[in-house]
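Working notes, structure below.
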Amino acid sequence: MAPSTLCPRWLRAAQVLVSDPQSGPSRYQPQELEERWQRQWAEQQQWAEQQHRLPEHLASEGEPLEGKPTFYALSMFPYPSGNLHMGHVRNYVITDVIARHARMRGYEVLQPMGWDAFGLPAENAAIERGVDPADWTDQNIASMRLQLQRLGLSIDWDREVTTCHSDYYRWTQWLFLQFLEADLAYQKDATVNWDPIDQTVLANEQVDGAGRSWRSGALVEKRKLRQWFLKITAYADPLLDDLSKLDGWPERVRTMQANWIGRSTGAELTFPVVDGTGNPTGTEITVFTTRPDTIFGATYVVLAPEQSLVPRLTTEEHQLSVEAFCDLVSRQSEQERTAEDKPKLGVPIGAWVRNPANGDILPIWIADYVLADYGTGAVMGVPAHDQRDFIFARQYMLPVRQVIVPEGSDEHAFEGSPWLEAGVMIHSGHFDGLTNVEARDQITAWAEQQGWGRSRVQYRLRDWLISRQRYWGCPIPVIHCQSCGVVPVPQEQLPVELPTGLALAGKGGSPLAQLESWVNVPCPCCGQSARRETDTMDTFMCSSWYYLRYSDAANTTLPFSREQVDRWLPVDQYVGGIEHAILHLLYSRFFTKVLRDRGLLGFDEPFTRLLTQGMVQAITYKNPTTGHYIAPADVADPNDPRDPYSGEVLEMFYEKMSKSKYNGVDPASVIDRFGADTARMFILFKAPPEKDLEWDDADVEGQFRFLQRLWRLVEGARQRGLSVADFTLPDGAMSASEPTVLFAEPSAADRELRRAVHTAIGAISDDLSGDYQFNTAVSELMKLSNAMAEHLAAAQDTTAVEALGTLLLLLAPFAPHLAEDLWHQLGGSGSVHQQSWPQADPSALLRDTIELVIQVKGKVRGSLTVPADADKATLEQLALASDVAAKWLAGQAPSRVIVVPGKLVNLVP
RNA sequence: GGGGGCAUGGCGUAAUUGGUAGCCGCAGCGGACUUAAAAUCCGCAGGCCGUAAGGCUGUGGGGGUUCAAGUCCCCCUGCCCCCA
C-alpha cells in the first residue's frame with residue numbers, strides 16, 4: 001500500500017506518536033482545539049440572545065420564555081490603541097467567567113463589547129505620521145477584535161458599538177441636546193492651556209511637568225475661552241445620597257466618589273465694604289465658610305484674584321501691584337495654588353470691610369490660595385483656626401486672634417500651628433463659654449436673624465467642562481447665529497458628521513474652526529448665515545452612556561428604547577480598573593439620573609455591582625546607578641540579576657507592565673504557546689481579582705500542566721468506555737434526609753469521590769456568588785482533579801461518570817474550550833455551555849466518623865476518631881476518657897469543658 | 001495633613017468569619033521510570049531542639065479581651081492607593 005493511500009486520521013495519529021512517543025495516542029493541542037470551538041460557537045451564534053433556543057432543562061421546569069431572568073455582565077470598553085495588553089485580558093476573562101456561570105444558572109445573558117474610539121492618540125498619530133484618524137482607529141479595532149476573539153470570550157459581537165462611528169455619535173449628540181433642553185448644558189468662560197508657538201489649545205496630558213508643550217516646548221499660557229459645561233452640580237445631592245444604595249460596590253470607590261463630591265455644610269456671611277472713615281460704601285463681600293464659629297477671629301478678608309469685585313475695589317495706589325499679582329497667579333495651576341504646604345502669596349488691594357459680628361475694620365487682600373469658582377470666591381481670614389490662613393498671616397504679619405481654646409485649658413500657645421480642634425469659645429461676645437460646635441449653629445442663626453448670613457451647603461464638585469478644541473471627538477451639535485444666538489441642530493439633521501480628510505498639523509487653533517466649508521451653515525431658525533460650534537466633546541461623554549446603547553445597539557430611531565434598556569439594565573456586574581473609580585463612574589451615574597428624569601429609562605443607578613480588578617505586573621529589572629531598565633530577556637541569571645554590560649547587581653521588583661520598562665508580556669505570545677484556556681486559568685488563579693497580579697512564566701507553565709492532566713484523566717476514562725451521554729445530575733430537590741438511590745452499595749472509593757465532587761460544587765458555586773473568588777475556585781478544581789486521580793479507578797462507573805461530568809461543568813466557565821472538547825470526547829450531547837450548573841448533594845458530604853480535636857487549655861494536644869452524630873455529652877465523655885486527657889490533665893478533673901460539636905473539645909484544668 | 005487599605009513559609013496565596021494556621025500552586029529537595037535528559041508518577045517540606053517518639057515556637061512589633069485570636073480592641077512600625 002502506497003503511503004498516499006493511508007487513512008488521513010491514521011496518519012495524524014502516527015505523526016503524534018512519532019513526535020511524542022510517551023504521551024499516548026492523543027495530545028492536548030490547545031491552538032487547534034480552541035480555534036475549532038471558537039469557529040463553531042461563532043457559527044451557531046451561541047452568545048447571542050438565546051430566547052428562541054431555550055435549553056431543555058428550563059423548558060421542562062415550565063418556565064415561560066419571557067420570564068427567563070436577565071443578567072448583564074459588562075467590561076469597561078477599551079480604547080483601541082491597537083494592542084491588547086494583559087490588563088485587558090484580566091478584565092475580560094473575569095467578566096466572561098461571570099457571564100458563562102450566569103448562563104449555566106439559567107439566565108439570559110448579555111455580554112457585549114465595544115470601543116471607546118475618540119481621543120488624543122488617534123489625533124497624535126495623525127499629526128505625527130499623517131495618517132487619517134478614522135482609518136488608524138478602524139485598523140486598530142480590527143486587529144484588537146481578532147486578538148480579543150482568541151480569548152474565547154462569550155461576547156455577542158452583533159451588539160458591538162464604536163463611539164467614533166456616526167451611527168453611535170449621532171446619539172451622543174442627541175443626548176447632548178437632551179441636556180441642553182433640560183437646561184443642564186451651558187457656556188461660560190474657562191481657562192485652557194494655550195501653546196503660543198503652535199497657536200493651539202493643549203489637553204492637560206499634552207503639558208509636561210514643567211508646564212511646557214509636548215510638541216513645541218513652549219511655556220504654556222492660560223487663556224480664557226468660552227466653553228461648554230454640563231451642570232453636574234445640580235445632581236450633587238442625589239449622586240452623593242445614592243452612594244448608600246450601591247452596596248455591591250467596593251467601599252473605597254464609594255468613599256472616593258463621596259470625597260470628590262465633597263459636600264460641606266457652612267454659612268455665607270456678608271461683610272460690608274467701608275471707606276477710610278468706616279462708613280459703608282454700599283458694596284458687600286459675601287464669604288463662604290465651614291467655620292462660622294470663628295468669625296470673631298477674622299483679621300482680614302481675601303478675594304480670589306479673578307473675583308469680579310477686585311477691579312472695582314482696588315484703590316489707585318495698589319493698581320500696579322494687584323495687576324502684576326493677577327498676572328503671576330494666572331500662570332499657576334490649581335494644585336500649586338491650594339496645596340497646604342506651599343507658601344501662600346497675596347497683596348492688599350487698599351480697601352476695607354467691617355466684621356459684621358464685632359464691628360472690627362479688616363483689610364481686603366487677594367491671594368493665590370483662594371479660588372474664584374469655589375464658594376463665592378471670597379473667604380474670611382482666621383489665622384488662629386485655619387492652616388492656610390495661618391501660613392498667610394505669618395507671611396504678611398497679619399494679626400492672629402484666637403477665639404477657641406482647648407476645653408479646660410488656657411489659651412493655646414501659637415508656637416507653630418493654628419488650633420484646628422474643637423474647644424470652648426472666647427473673645428466672641430455673648431457666645432463665650434459655648435463649645436465651638438454649639439456656637440457654629442448659634443452664630444449662623446444670629447447672623448441670619450440680623451440679615452448678614454445664612455446657612456449654606458457647598459460642594460467641591462464643579463460643573464463638567466466638556467468642550468475640547470480638538471478634531472477627533474464628537475462634534476457639539478449647535479449653531480451660533482448672530483440674531484438667534486445658540487441654536488441646537490434639529491434632531492432630523494443629526495448626526496453632525498465629523499468632516500474627513502483634514503490635514504492635521506497640531507497648530508493654528510481648533511482644527512474644525514479652520515474648515516470654512518464645514519463651519520459656515522445657514523441658521524436652522526432664521527436661515528441667515530451662521531457658524532457651527534467647532535468644539536468637540538470630552539470622550540467621557542461617549543463613555544457615559546455606551547452601556548445603555550448595548551441594550552438596543554441596532555436602534556436607528558433612538559439611542560435605545562425604553563423597553564430594551566429597562567429589560568437589561570441596570571448592569572448586574574460591571575468589571576474594570578480602579579483608575580475609573582471617580583470620573584467615568586460619576587459621569588455615568590449622572591447621565592443615568594438625568595435620563596431617568598427625562599423619562600428615557602426607569603432606574604436610578606446604572607451599575608448594581610462593581611468589581612475593580614487589580615493591575616497586572618511583571619518582573620522589572622533596573623540598574624540602580626544608571627536608572628536604566630533592563631529587559632528580562634537580557635538578564636542571564638534571574639537569581640542573581642546583573643547588568644549585561646557593566647555586571648552591576650540589578651534591582652528587581654514587580655511593576656505594571658509597560659513598554660518603557662521592557663517588562664510587558666504580549667497576550668498573543670502566551671496564547672501561541674499555551675492557548676487561551678491556560679492564560680485564563682492562570683490569570684484567575686494567581687491572585688484574588690481585586691489584588692495586583694504578578695505575572696510569572698513558571699506559574700503559567702504550571703497551569704498548562706494542570707490542563708494536560710485533565711486531558712489525560714479524560715483519556716483514561718474514554719479507554720475505560722465511560723460516557724457522559726446520559727449523565728444527569730441529581731437535581732436540587734434531593735436532601736440529606738433522602739439520600740439518592742442512584743448509587744447503590746457505594747464502596748469507600750465511591751464515597752470519597754462523591755464527597756470530593758459535591759464539596760467542589762459547593763465551594764465553586766460559593767466562590768462565584770457574591771464576592772468573586774476565582775483564585776480559590778480554580779484551586780478547588782485542582783483539588784477535585786487530584787481526588788479523581790486518586791479514586792476514579794476504584795470507583796463504580798456511575799460514580800466515575802458523575803465525577804467526570806461534574807468536573808467538566810465546573811470547568812466550563814474557566815477553560816471553556818477544553819471543557820467543551822472533553823465534554824464531546826466523552827460523548828456529551830449539546831454544548832457543555834448549555835448545560836445547567838450542578839447542584840451539590842448534601843447527602844454526599846455526610847461522614848460516619850469525624851476527627852475530634854482535643855485541646856487542653858486552648859492548645860491542640862491530640863485527636864480522636866468519633867461518630868459524626870455523637871452529641872455534646874458523648875463528645876465530652878470520649879474526650880475525658882482519652883489518652884490525651886490522661887496525659888495532660890494528670891488525673892485532675894477539668895474546671896471547664898468547652899465542646900464545639902463536629903470540631904473540638906477544649907479541656908480547661 | 002485628611003480618608004481608605006494591606007502586612008501569613010523561599011514566592012503567589014488559603015483559612016466555614018473567634019474554633020486544628022499554612023489548603024492549592026510555583027520554586028526546591030529525595031525517589032521511580034530512562035543509556036541519559038525532558039516529560040510523567042510517588043514522596044518530603046514554617047522555624048528550632050531531637051536518631052525517633054515527641055516537645056517548644058510561630059501569621060510585621062508591643063499590649064489587651066477570651067476556654068480559644070491570623071481573625072476582635074488599643075498603641076507602634078513599614079508599604080500601597082485616593083484626596084489635599
Side-chain angles (χ1 to χ4, degrees), chain A residues 20-24 27 250-262 334-342 369 371 387-388 391 417-418 420 460 577-579 581-583 612 614-615 617 619 638-639 652-655 681-688 690-706 708-709 712 759-760 762-763 766-767 771 773-787 789-790 845 850-864 887-888 894-909:
Chain A
D20 194 356
Q22 302 297 317
S23 71
R27 203 163 57 133
E251 185 59 43
R252 71 185 190 119
V253 174
R254 291 196 284 171
T255 307
M256 280 160 69
Q257 293 227 338
N259 290 342
W260 187 262
I261 296 167
E334 186 174 312
Q335 260 184 14
E336 288 169 319
R337 286 176 59 169
T338 55
E340 282 184 4
D341 49 352
K342 289 274 168 53
Y369 72 101
L371 301 175
Q387 184 68 41
R388 289 183 292 200
I391 296 174
S417 63
L420 305 173
R460 210 189 69 94
I578 188 76
E579 66 274 18
I582 297 178
L583 294 182
T612 50
M615 284 187 304
Q617 303 182 312
I619 191 89
N639 295 316
M652 184 167 70
F653 46 89
Y654 281 90
E655 220 169 350
M681 293 284 283
F682 165 78
I683 223 161
L684 293 165
F685 174 67
K686 177 78 183 181
E690 62 285 347
K691 273 193 81 166
D692 288 347
L693 180 153
E694 295 172 2
W695 189 271
D696 180 346
D697 288 341
D699 283 339
V700 180
E701 284 177 44
Q703 208 53 240
F704 184 59
R705 283 201 291 269
F706 171 60
Q708 284 178 307
R709 274 202 295 279
R712 268 181 252 120
T759 302
D766 201 45
D767 287 340
D771 294 325
Q773 299 187 83
F774 309 107
N775 53 330
T776 50
V778 173
S779 145
E780 290 296 331
L781 285 170
M782 292 172 168
K783 282 194 229 178
L784 176 55
S785 138
N786 291 345
E790 190 176 347
L845 304 179
I850 55 150
E851 283 282 296
L852 181 75
V853 167
I854 315 273
Q855 292 185 338
V856 177
K857 216 184 160 206
K859 284 194 193 292
V860 179
R861 293 303 181 187
S863 66
L864 284 180
K887 176 178 173 187
W888 288 91
S895 64
R896 207 174 155 188
V897 179
I898 289 108
V899 182
V900 184
K903 286 275 173 211
L904 54 82
V905 174
N906 189 6
L907 307 170
V908 186

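Lettering of chains follows the sequences in order, A, B, ..., and the numbering in each one begins at 1. Bear in mind the structure is a predicted one, so any value in this text is a computation, not a measurement.
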For [N] and [M], measure between their [atom1] atoms and round to the nearest Å.
N     : M     : atom1 : value
B:A14 : B:G1  : P     : 32 Å
B:A21 : B:G47 : C1'   : 14 Å
B:U66 : B:C73 : P     : 16 Å
B:A27 : B:G9  : C1'   : 12 Å
B:C75 : B:G5  : P     : 15 Å
B:G28 : B:C79 : C1'   : 28 Å
B:A7  : B:U59 : C1'   : 9 Å
B:G62 : B:G70 : P     : 14 Å

Taking syn as within 90° of 0 and anti otherwise, name the glycosidic form of B:U65. anti

B:G9 glycosidic conformation (syn if within 90° of 0, otherwise anti) is syn

If you look at every strand shown and take non-hydrogen atoms under 4.0 Å, does [X] touch a base, only sugar-phosphate, or nothing?
X        : answer
A:Val860 : sugar-phosphate
A:Phe706 : nothing
A:Asn786 : sugar-phosphate
A:Ala698 : sugar-phosphate
A:Val908 : sugar-phosphate

Closer than 3.5 angstrom, by distance alone: can the side chain of A:Asp692 be matched with the main-chain N or O of A:Met615 as a donor-acceptor pair? yes

Heavy atoms of other groups near A:Asn786 CG, more than 12 under 6.0 Å: yes

What do you reckon, are the aromatic ring centroids of A:Tyr654 and A:Trp695 less than 6.0 Å apart? no

Output the single nucleotide from [options] whose closest atom is nearest the side chain of [X].
X        : options             : value
A:Ser779 : B:G19, B:U57, B:C24 : B:C24
A:Gln855 : B:G3, B:G12, B:U20  : B:U20
A:Arg861 : B:C56, B:C24, B:C26 : B:C56
A:Ile582 : B:A14, B:G19, B:C83 : B:C83
A:Arg896 : B:C67, B:U40, B:G3  : B:C67
A:Arg709 : B:U57, B:C41, B:U20 : B:C41
A:Met782 : B:G25, B:G3, B:C41  : B:G25
A:Val900 : B:C83, B:C41, B:G19 : B:G19
A:Arg705 : B:U20, B:G3, B:C26  : B:C26
A:Arg712 : B:G12, B:U40, B:G19 : B:U40

In whole Å, what is the span from the [atom1] atom of [X] to the [atom2] atom of [N]?
X        : N     : atom1 : atom2 : answer
A:Asn259 : B:G5  : CG    : P     : 12 Å
A:Glu579 : B:C82 : CD    : P     : 10 Å
A:Arg252 : B:G2  : CZ    : C1'   : 17 Å
A:Arg254 : B:G4  : CZ    : C1'   : 13 Å
A:Asp767 : B:A14 : CG    : P     : 10 Å
A:Ile619 : B:G12 : CD1   : P     : 11 Å
A:Lys686 : B:G12 : NZ    : C1'   : 4 Å
A:Glu690 : B:G5  : CD    : C1'   : 11 Å

Heavy-atom nearest nucleotide on RNA chain B for A:Lys691 versus A:Val853: which residue maps closer to 5'? A:Lys691

Taking for A:Val778 and for A:Ala687 the nucleotide of RNA chain B with the nearest heavy atom, the one nearer the 5' end belongs to A:Ala687

Phosphate oxygens OP1/OP2 of [N]: is one of them under 4.0 Å from a side-chain N or O of [X]?
X        : N     : answer
A:Gln773 : B:A15 : yes
A:Asn775 : B:G12 : no
A:Arg460 : B:A84 : yes

Find the distance between [atom1] ([X]) and [atom2] ([Y]) and round it off to the nearest 0.5 Å.
X        : Y        : atom1 : atom2 : result
A:Ser779 : A:Phe774 : OG    : CZ    : 14.5 Å
A:Asp699 : A:Met681 : CG    : CE    : 13.0 Å
A:Arg712 : A:Ser785 : CZ    : OG    : 10.0 Å

Please test A:Val905 against A:Ile898 for side chain to side chain contact (heavy atoms under 4.5 Å, CB included), starting from the C-alpha separation and ending with a verdict. CA-CA 6 Å; A:Val905 174; A:Ile898 289 108; over 6 Å; no

Can you find a donor-acceptor pair, distance only, under 3.5 Å between A:Asn906 side chain and B:C67 base? yes

Please evaluate residues A:Gln703 and A:Arg705 with respect to the criterion side chain to side chain contact (heavy atoms under 4.5 Å, CB included), reporting the C-alpha separation (whole Å), side-chain torsions for both, the decisive distance (0.1 Å), and the verdict. CA-CA 5 Å; A:Gln703 208 53 240; A:Arg705 283 201 291 269; over 6 Å; no

Write out the stems for RNA chain B, ordered by first number and formatted as range with range, counting runs of at least 3 consecutive Watson-Crick or G-U wobble pairs under 3.5 Å. B:1-7 with B:77-83, B:10-12 with B:24-26, B:28-32 with B:40-44, B:46-49 with B:54-57, B:60-64 with B:72-76

Do A:Leu781 and A:Phe706 pass the side chain to side chain contact (heavy atoms under 4.5 Å, CB included) test, and can you show the C-alpha distance, the side-chain angles, and the key distance before you say yes or no? CA-CA 10 Å; A:Leu781 285 170; A:Phe706 171 60; 4.3 Å; yes

Using the side-chain hydrogen bond (donor to acceptor under 3.5 Å, both in side chains) rule, take A:Glu690 and A:Thr612 through it: C-alpha gap first, then chi angles, then the decisive distance, then the call. CA-CA 6 Å; A:Glu690 62 285 347; A:Thr612 50; over 6 Å; no

Walk me through whether A:Phe685 and A:Met782 qualify under side chain to side chain contact (heavy atoms under 4.5 Å, CB included). CA-CA 11 Å; A:Phe685 174 67; A:Met782 292 172 168; 4.1 Å; yes

